[in-house]
Amino acid sequence: DVKVTQSSRYLVKRTGEKVFLECVQDMDHENMFWYRQDPGLGLRLIYFSYDVKMKEKGDIPEGYSVSREKKERFSLILESASTNQTSMYLCATLTGLRNQPQHFGDGTRLSIL
Amino acid sequence: QKEVEQNSGPLSVPEGAIASLNCTYSDRVSQSFFWYRQYSGKSPELIMSIYSNGDKEDGRFTAQLNKASQYVSLLIRDSQPSDSATYLCAVNDRDDKIIFGKGTRLHILP
């Protein structure tokens, strides 16, 4: 089974703080993704990475950055947290083979006060 | 803009009945299709994959695919209260990018 581990289930931070969300996978998958999910808006892709040190912007990258220094770890960084970044953040992985599903971590519920 | 459309619901179904969830997609050359179940406050969990036209059954779940109509559905037989969740449809487009629908909320009435 694919194991995708997100560092925190719940996180509370203050406006202006720099926030790090970590995601680690144990299946040697090439591709990793960060989404946020808000009621009525569905899953929105923030950033993804298809290889170490490679990153691509998703649909809503503003206010975020990412880091992938090792294949198994993909970090999402909120440079200066704002209240509109309060959300559920989901990490997902995908093998490099075609036509395969993504596998999700448990999610991090982030609240920015 | 490639899209995956689902009725947001809520869809209310009596316990023991068949729940039918529908999804349409815009990219005609999509090749793989997935259904995820997401309980409130939890992350999406893959429950079905389907790649060719027709039906695919797994326990109480049946996925149906009609590529000509660009339509994929999920049937849940003998619905249980534990099936109450949001169901996400996901489609791989021609670039092998996965596009998610916004989900349908299903409520099974005891």
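Below, read A as the first sequence line, B as the second, and so on, with proteins coming before strands; counting in each chain starts at 1. Quick caveat: nothing in here was measured; it's all calculated off a predicted structure.
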Novice: Same cluster for A:Val4 and A:Leu21 if Ile/Leu/Val/Met/Phe/Trp/Tyr side chains link at under 4.5 Å?
Specialist: no

Novice: In the single-linkage hydrophobic clustering (I, L, V, M, F, W, Y; side-chain heavy atoms under 4.5 Å), do B:Leu88 and A:Phe48 co-cluster?
Specialist: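 Yes, B:Leu88 and A:Phe48 fall within the same hydrophobic cluster.
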
Novice: Can you pull every donor-acceptor pair closer than 3.5 Å across chain B and chain A?
Specialist:
residue : atom : partner  : partner atom : Å
B:Gln31 : OE1  : A:Asn99  : ND2          : 3.3
B:Ser32 : OG   : A:Asn99  : OD1          : 3.2
B:Tyr36 : OH   : A:Gln102 : N            : 3.0
B:Tyr36 : OH   : A:Gln102 : O            : 2.6
B:Gln38 : OE1  : A:Gln37  : NE2          : 2.9
B:Gln38 : NE2  : A:Gln37  : OE1          : 2.7
B:Ser43 : OG   : A:Gly105 : O            : 2.8
B:Tyr51 : OH   : A:Asn99  : O            : 3.1
B:Asp96 : OD1  : A:Asn99  : N            : 3.2

Novice: In the single-linkage hydrophobic clustering (I, L, V, M, F, W, Y; side-chain heavy atoms under 4.5 Å), do B:Ile99 and B:Ile50 co-cluster?
Specialist: yes

Novice: Are there residues of residues 68-81 of chain B that reach to under 4.5 Å of chain A by heavy atoms, and which ones?
Specialist: none

Novice: Using a cut-off of under 4.5 Å for heavy-atom pairs, which of A:Gly40, A:Gly42, A:Ala92, A:Pro101 has the most such pairs with chain B?
Specialist: A:Pro101

Novice: Side chain from CB out, backbone as N, CA, C, O: work out which of these in A:Leu41 comes under 4.5 Å of a heavy atom of chain B, or both, or neither.
Specialist: backbone

Novice: Indicate if A:Val66 and A:Leu45 have the same hydrophobic cluster label, given that clusters are the connected sets of ILVMFWY residues with side-chain heavy-atom separations under 4.5 angstrom.
Specialist: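 Unlinked, A:Val66 and A:Leu45 end up in two clusters.
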
Novice: With a 6.0 Å cut-off on the ring centroids, do A:Phe104 and B:Phe100 count as close?
Specialist: yes

Novice: Is there any disulfide bond (SG atoms under 2.5 Å apart) pair reaching into residues 17-113 of chain A, and which pairs are they, with sequence neighbours excluded?
Specialist: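 Qualifying pairs: A:Cys23-A:Cys91.
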
Novice: Can you get from B:Leu65 to B:Met48 by hopping between Ile, Leu, Val, Met, Phe, Trp and Tyr side chains that sit under 4.5 Å apart?
Specialist: yes

Novice: Under the disulfide bond (SG atoms under 2.5 Å apart) definition, can you give me all pairs with a residue in residues 36-82 of chain A, not counting sequence neighbours?
Specialist: none

